[in-house]
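For ligands, and for the atoms within them, numbers begin at 1 and follow the listed sequence.
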Amino acid sequence: MIASGIATGLGDEWIRFGATSEHTADGSFSERTMALNKTYPGVEPPYQGNIIETQNDLNAWVERVHRGGIQVNCHANGDVAINMVLTAVERAQQLFPRSDARPKITHCTLINDDLLRRIKAAGVVPAVFTSYAYYNTDKFHFYGEDLMKRCMAFRSFLDAGVPAAAGSDFSPGPFDPRMGVQGMVTRTGWNGQTWGANQRISVEEALRINTINGAYNSHEEAIKGSITSGKLADFVVLADDPHTVDQDKIKDIEIVRTVVGGSTVYTA
Ligand SMILES: [Zn+2]
């Protein structure tokens, strides 16, 4: 594809070549294998998760894709892996500056102030777990409350002006954006446990992350992401207002109509 000059953006609003699939930098959040800069709490022998490749190999892959005009997309969960991806992205931009490249970090789960500053400076677009805050709360004890305060850090991203988007991680996580919004707003799971409540955001913010920020993430904000004159009329009609319904019931709001390109394709 690189040799033939195919770059991000080729296609139309139905099928388009976007970012790469996830180039994996570390392990998984839910399987307790993401790369941490300290040992996992309570795990013997001491363990810090998995790194997939060397910094040099990651640098080479990011540079090749970036130079080819293709939107980089790396899977990175732990702070160690996010640091490695940022190092590779910063290096590629320095060698071959390309405006509005929007390198993508899928998951971008565990951050700190320094990583956040570099994400903002590099124009990185994170696509962060949404439904996990509802669906995976029984796994959050792997990390403990101190780390969960910096995981799936939507409040921190928005406060820093980073256009974080919604990442369902389907099929490991449910894709339903209603469950995603509920988890982002409440940080409370199916089992009643609340983790990292400091990262709660408003319903309005969660809806923007699930719509316009996703469109920005894929360079499609001119045609998608809001119900605006001149954009594609793709939207759903909900039976209740997510702003006013009980926040623990957002995931249960019924979809009564689905409209694609201005035409109704589903009616309840
Ligand atoms: Zn992934």
(message) If I take atom CG from residue Asn73 and atom OG1 from residue Thr8, how far apart are they, to the nearest 0.5 angstrom?
(response) 10.0 Å
(message) For His66 and Phe96, take the angle between the two ring planes, folded into 0 to 90°, and tell me which bin it lands in: parallel under 30, tilted 30 to 60, perpendicular over 60.
(response) perpendicular
Among the N, O or S atoms of [X], which one sits nearest to the Zn ion (ligand 1)?
| X | answer |
| --- | --- |
| His107 | NE2 |
| His75 | ND1 |
| Glu22 | OE1 |

(request) For the residue pair Arg187 and Asn198, confirm or rule out a side-chain donor-acceptor distance under 3.5 Å. (result) no
(request) Tell me whether the centres of the aromatic rings in Phe140 and Tyr132 are closer together than 6.0 Å. (result) no
